[in-house]
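Letters A, B, ... are given to chains in the order of the sequence lines, protein chains preceding strands, and every chain is numbered from 1.
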Amino acid sequence: MKIASWNVNSVKARLPNVLRWLEEAQPDIACLQELKCVDDAFPRDDIEALGYNVETHGQKTYNGVALLSKYPLEDVSRGLPGLEDEQARYIEAVVSTQGSTNGSAVRVASLYLPNGNPVSQESSDGFHEKYTYKLNWMAALEAHASTLLSYEEAFVLAGDYNVIPAPADCHAPDKWEGDALFRPETHAAYRRLVHLGLTEAVSTLSVTDDTTYTFWDYQAGAWPKNNGIRIDHHLLSPLAADKLETFGIDKHTRDWEKPSDHVPVWIELRD
DNA sequence: ATGACGAATCGTATTCGA
């Protein structure tokens, strides 16, 4: 079971790349983020033609997340429970792989955690509302993950977390000091989430360093200089983590024509 | 020469991303 996550930065602008990648990578499940289009504008037919079931939670101009699956998507829910959210950043479903001997199920979420910048606002002691929104979103994700853990199921929370977990996960840590992706409150919230008992796939299977980045800014030659960051993650419940086999980062897509600034990351779970 | 950023939008400038 191959589960991939990719922030495509506009599914319409990226459609040729998305189709090309789906055909070559053949993920069983693909979690997409930053669709930047409403549900009706999602290129559903092109993707269904490749054998995928499609569920979207779209939004005009910003955000938008989707789940693509070669298996049926059941119990689909949109938005994070317990959070009043105007922004389309979360979709979850249960994927059942019936057939063969023991049909199993895995719950999968595609999430697009808020960026959170700017952190501070002028003429005030408190945080800017964008950073408060990020912290609130992370708290709601933690609460929901806690609920899901109580079900004792296999689940995978995949997406663009907009969190650089550690200094090794960025090219120049000093430059990220104070940034919403890297500041102590962000790290603390991310650790609270992981410490519920989740397993972050890539850092569990490998050392993370300058070969495991998942995002390179379009600006200032970030890609040729490998000035990247690792912000796209798979967090696994214990039952999913027991089946974790491998991961991959499809960096070659960053060299394609009209690339996204993120590349697909994927994990493989044993059947 | 240290590298014209890219996408969407009522748009020929602005906002946003990370």
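Nucleotides B:dC10 and B:dT15 have their C1' atoms positioned 14 Å apart, rounded to a whole Å. Between B:dA18 and B:dA7, the two P atoms lie 14 Å apart (nearest whole Å). Comparing the P positions of B:dC16 and B:dG11 gives a spacing of 15 Å, expressed to the nearest Å.
Ion pair A:E268/A:K243 not flagged as a salt bridge, since none of the NZ, NE, NH1 or NH2 atoms sits closer than 4.0 Å to an Asp/Glu carboxylate oxygen.
Residues satisfying the side-chain contact (heavy atoms from CB on, under 4.5 Å) criterion with A:D242, sequence neighbours excluded, are A:L239. Taking A:Y131 as the reference, A:F127 meet the ring pair (Phe, Tyr, Trp, His ring centres under 6.0 Å) condition, with sequence neighbours excluded. A search for ring pair (Phe, Tyr, Trp, His ring centres under 6.0 Å) contacts involving A:F182 returns A:H187, not counting sequence neighbours. Partners of A:W21 according to the ring pair (Phe, Tyr, Trp, His ring centres under 6.0 Å) rule, which considers only residues two or more places apart in sequence or in another chain, are A:W6.
Cation-pi geometry between A:R230 and A:Y213 is not met: the NZ or CZ atom fails to fall both under 6.0 Å from the ring centre and inside 45° of the normal.
Distance NZ/A:K70 to NZ/A:K2: 9.0 Å, rounded to 0.5 Å. With rounding to the nearest 0.5 angstrom, the NE2 atom of A:H128 is 8.5 Å from the OG atom of A:S120.
Below 30°, between 30° and 60°, or above 60°: for A:H233 and A:Y161 the angle between ring planes is between 30° and 60°, a tilted geometry.
Rounded to whole Å, the distance from CG on A:L15 to P on B:dA8 is 12 Å. Taking atom CG of A:N17 as the reference point, atom P of B:dA7 lies 10 Å away to the nearest angstrom. Atom NZ in A:K225 sits roughly 11 Å away from atom P in B:dC5 (whole-Å rounding). Atom-to-atom, NE2 of A:H171 to P of B:dG3 comes out at 14 Å; the value is rounded to the nearest Å. One atom, CG of A:N227, and another, C1' of B:dT2, lie 12 Å apart when rounded to the nearest Å.
Scanning DNA chain B for stems, defined as runs of 3 or more consecutive Watson-Crick or G-U wobble pairs whose donor-acceptor distances all fall under 3.5 Å, gives the following ranges: B:5-9 with B:13-17.
For A:R14, a side-chain nitrogen or oxygen approaches OP1 or OP2 of B:dA7 to under 4.0 Å.
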Which letter, B, S or -, goes with each nucleotide of nucleotides 9-18 of chain B from 5' to 3', with contact meaning a protein heavy atom under 4.0 Å? SS-----SBB

